[in-house]
Every structure is written in C-alpha cells, then in structure tokens.
2 protein chains.
Amino acid sequence: MLTEERHQLIRDQLAADGKVLAGELASRFGVSEDTVRRDLRELAKAGQLRRVYGGAVASAPFAAATLSQRSGHAVEEKTRLAKAAVGLLVPGQSLFIDGGTTNEAIARTIPRDMELTIATNSLGVASALADRPLVELIVLGGRYVPDLGTCVGADTLAAVAQLGADLFFLGSCGLDAARGVTAFDSAEAEVKRAMAKNSAGIVIAVTNDKLATAAPYRVAGADAIRHLVVEKTAPAVALADFQSQGAQIHFA
Amino acid sequence: MLTEERHQLIRDQLAADGKVLAGELASRFGVSEDTVRRDLRELAKAGQLRRVYGGAVASAPFAAATLSQRSGHAVEEKTRLAKAAVGLLVPGQSLFIDGGTTNEAIARTIPRDMELTIATNSLGVASALADRPLVELIVLGGRYVPDLGTCVGADTLAAVAQLGADLFFLGSCGLDAARGVTAFDSAEAEVKRAMAKNSAGIVIAVTNDKLATAAPYRVAGADAIRHLVVEKTAPAVALADFQSQGAQIHFA
DNA sequence: CTGTTTCTTGCATGAACAGGCAAAACATGC
DNA sequence: GCATGTTTTGCCTGTTCATGCAAGAAACAG
C-alpha cells in the first residue's frame, strides 16, 4: 500500500465521518500505529486535518484556497505566465476561459477588485472565481470530463453560442505555427472552436513544452491568436511565425 | 514492447485504478524496475500522473475541494444526515442535486465505488463529485449566484428540462407542512421546481432549524416529498404532517 | 498520585530512488 | 556494406525514503 493511498483514505474518512482513530486506521491499513501517526502528522502539517489525542478530526478552515494545487508540475512557470496574462485584462471586459492548469492559475491570479464577466466550462476555473465579488460568473454546463476538468458536449456548445466575449483564454493544447492551435479531443476542440468564434481575440499562455507541438484536432489557425504569453526562455524560432501572423508576444 | 505501449498501459491502469506500483508494472511488462521508473518519470514530467514513493497515482485536478465548508455550522449534524441520505441511493440511479451545505455533505459522502448519473447546478457538489470515477457528472450551467453557490437562470432551466432523474436532493430551504417546500429567491425556486418536475421522487435532508420555517417562494407541496431525512432530535409534531402526506421519515 | 495510553524522537533496516555507464537495438549517412 | 550517432535498456553505486521498534515524554483516567 502506497503512503499516498493511506493519505487519500484518511481524507475520505475525514470527509465522511469528521474524525479518524489512529489505532483503527493502523489495523485497517495493516501498518503500525507509528506509521499512521506519521501520516496524521504530515496531513496536519499540510492543514488537511487537525490532530487530536487518539486520532484526528476534520480541520475547520478547510478553505478553498489551494483548490487545485496540482502536482507542483511547472507551478512557478505557470504562476509567472498567469501574472503576465492577467496584465492583459481591462476592467469591464467579458472573457471566455476554458480548462487547463495554466488557465486555473490565471483565474486565481485575477485580482479581487477587478470587475469582469467570465464564462467558463472548467470546474477549476469556476471554483477559483466563485468568491470574486465583482466577477459575474457564467458556468457553461454540460457533460463533465474528469480528464480535462471541463464540460463539453451539445449543452456546452449551446451555452457558448449565446454568449460573446472580448477575450478567449485558450488553454492546454498543442501550438504549432503551421497547424495552429490543436487539441487532443474532438469534443474539447469543438467547444474551443465555438468560444474562438464568439470572441474578439484569443489569448494563449503556454509553457515551453507546448510550443511546436501538435495534437490531432484543429482548433484555430495561428493567425487567430491575438496575444501569446510565453516564458522568457521560449525559443525565438518557435515564436517568429506567430508574430508574423499578427500575434503579440508577451514574455512572462 | 514499445515504450509508448507501456506508457499507454500505465495511463490505462491509472485511469482504472487511480494508482500503479513500479514493481508490479515491471513484472507485468517484463522489463526492469529501472525502465518502469523512467517511464513514470517521463509521464510525471508531462503532468499525466503524480509520482509517489513506490509507484504513481492519478494527478487529481482538485483533490480536497470542499468549496464552502460554510463556517462549520452544524457540521456533525450534516455529516450524519448525509450518511443517512446516501443510504437511500441505489447504484445506477440518476440524481438531481441542488445547492446547500447539506447537499455538499451528501455529495462528499457518496462512496467512490457507486455508479451514478448526477446532474447538479451547485459548484460545491460538482467539485466534490469531480474525482468520482464512476459518477457520470452533468454540470447544469447558468448565471452563478455566489450567495447560493449554484447556477440559476434560463440556461439552467433549459438544461434541467432536457434531463430526468430518479431522485432529486432538494436542499437548503424552508420546510413547513402547510406551505410545503419554500425558497428565498425567485430564480432559485424556479430551478428547484424544474428539477422537481423532472424527478420521480424528492429527497430532503434538513437540520432541525429548517423545520417549520417558510420562505417567500413556493417550490413544491408537502405531498411531493418522498423521503425526509432528519436528525434524531427532530420534534415529532413537525414530522407527523409530512408522514401523513406520504413522506418516509429517516432518522440520522 | 499512579498506571495506562498515546505521542515524539532516534535509530536500524530494507526498499525505492536518481545518475552514470555500457551493451544492444535502431536509425542515418556515406 | 560500413561507420556513425541516437535511443533504449539493464546494471551498478551511492543516496534517499518509509517503516517498525525501542525509549523517554506527554496526555489522560481513576
């Protein structure tokens, strides 16, 4: 049994019962109580529970802050990209934001005092914006795809069709000067196309590993990109073609 | 065996089980553990899994969501109610779940191994269910109301109209034998009415403070309630009228 | 106060790990 | 065909990590 597995099971039981007992967990997992105690200590340090004599209870400030702190993969880069991308926003604008960890980082980075209208099909983005008092949030519903963290399908398309936006933050896709913007999933690509069609401009923020890669489904041509936010270390050769086709390049 | 082949099989098992063990994969693929570790390292770098000691686990978009563990008010009671309410579920059913902290508690309590189709207009409920592999989740989009934590409006109504459910978990409202189920907001009441209309049965789980109270907007008559989940300490006088109108009473 | 349970700390052990290296398989160019 | 470079793989080396055990400290119960 993996350490992470135990942690998840402890979190589950805490969410369900509100408490766990060290001895009970030890016998359930088939490990020593010492190991369980170590687990509880770690989770307590991470703020995911409150340690008490004999076990642990659910922590009160179970805040939504670090909602989707995914895996730490390229977190710093994405935070930098997010800051640069948010710099493009003008108060009062309306936005489409689709899924992906970079877009979630952007949503978290949007200042609390900026008035915006935002439509998104990403649960992570929606959760990040749910407590922004000045953001008019429109959730684009549909069939939820766990792998993407977003909603897709006919319902989503219908909802997008009724809206228009100044900017579309297009996320997590392949980016290639020749093939343009591409996605890995047919339904996902359809939603992105619909958003692109109803937006005045497209913004793409990508880490270097997305540059010069292509996926099967075509979303938009390279000439449709208004703003391209990339890392400082992005290879210039990969950017020149986008720039010549009208994209503004922003270095994070 | 090709490298890419192994990667795909790892992704498959991760999607199915949520975890993989390095040693187990090595013997299954007939390669050394070093090779498997290299595979896992690469997939982790690509963000397709999260590496842990001994193997890897699925990268959870947002692990411990619990959007609005609101103020810790009556957490224990709601947890008990949630457990009792979940006891009413039958695998394979389809559900409507609307907003409120009690319904979020119910969503969190739904076991990970239960297959269900669930449509919700609550971001909190959706986030709680987002990582349930066997739940077909349908997000009912629309204008998001921060105070309620749910989506309402014409879009939401249209989405509800296309669906049907076995049970409707109706949340956070006033409950009075004479006036039936009532809500505090016109748009909210509209959505609840639509869900009620398209469901075979209504389930309501309430803490004692909601009993014998009424709000301005009428949602459904007391006779529409199929199951009523209440605390053990609920006053019998408040329940008798519901029972006589056909509701089953469940004590948490 | 006394005994019991639970907790922390330190330590030893074995498993899992990353990095370097070399052999084998494969592709590429002449 | 032959030489050269690349990729993949397994093995080796030292290191890190998870775990259980033991001893002492702290919390609890009577």
Find the distance B:Lys19:NZ to C:dA16:P and express it as a whole number of Å.
13 Å
Salt-bridge test for A:Arg11 and A:Glu4: reply yes if a basic N is under 4.0 Å from a carboxylate O, no otherwise.
yes
N/O to N/O distances under 3.5 Å, protein versus nucleotides 19-21 of chain D:
residue	atom	partner	partner atom	Å
D:dT19	OP1	A:Arg6	NH1	2.7
D:dT19	OP1	A:Arg6	NH2	3.2
D:dT19	OP2	A:Arg6	NH2	2.7
D:dG20	OP1	A:Ser32	N	3.4
D:dG20	OP2	A:Ser32	N	3.1
D:dG20	OP2	A:Ser32	OG	2.8
D:dG20	OP2	A:Thr35	OG1	2.2
D:dG20	N7	A:Arg38	NH2	2.6
D:dG20	O6	A:Arg38	NH1	3.3
D:dG20	O6	A:Arg38	NH2	3.4
D:dC21	N4	A:Asp34	OD2	3.0

Charged N-O contact under 4.0 Å between B:Glu33 and B:Arg37:
yes
Residues that B:Glu24 engages under salt bridge (charged side-chain N to carboxylate O under 4.0 Å, His left out), provided they are two or more places apart:
none
In whole Å, I'd like the distance from the CZ atom of B:Arg37 to the P atom of D:dC11.
12 Å
Within this structure, what is the CD-to-P distance between B:Glu5 and D:dT7, rounded to whole angstrom?
20 Å
Are there any protein N/O atoms within less than 3.5 Å of an N/O atom in nucleotides 24-30 of chain D, and if so, which ones and at what distance?
residue	atom	partner	partner atom	Å
D:dA27	N3	A:Tyr53	OH	3.3

So how far is it from B:Thr150 OG1 to B:Asn103 CG, rounded to the nearest 0.5 Å?
10.5 Å
Could you measure the distance from the OG1 atom of B:Thr117 to the CZ atom of A:Arg143? Nearest 0.5 Å is fine.
12.0 Å
Between A:Gln245 and A:Asp241: side-chain donor-acceptor atoms closer than 3.5 Å:
no
Spacing of B:Leu25 atom CG relative to D:dT9 atom P, expressed in whole Å:
14 Å
Integer-rounded Å distance: C:dG10 P and A:Arg41 CZ:
11 Å
Between atom CZ in B:Phe29 and atom C1' in D:dT8, what is the gap in whole Å?
16 Å
Which whole-number value in Å describes the distance from B:Leu40 CG to D:dT9 P?
13 Å
Ignoring hydrogens and geometry beyond distance, is a side-chain donor-acceptor pair present between A:Asp176 and A:Thr182 at under 3.5 Å?
no
Quick one, A:Arg6 and A:Thr35 - any side-chain contact, counting heavy atoms below 4.5 Å?
yes
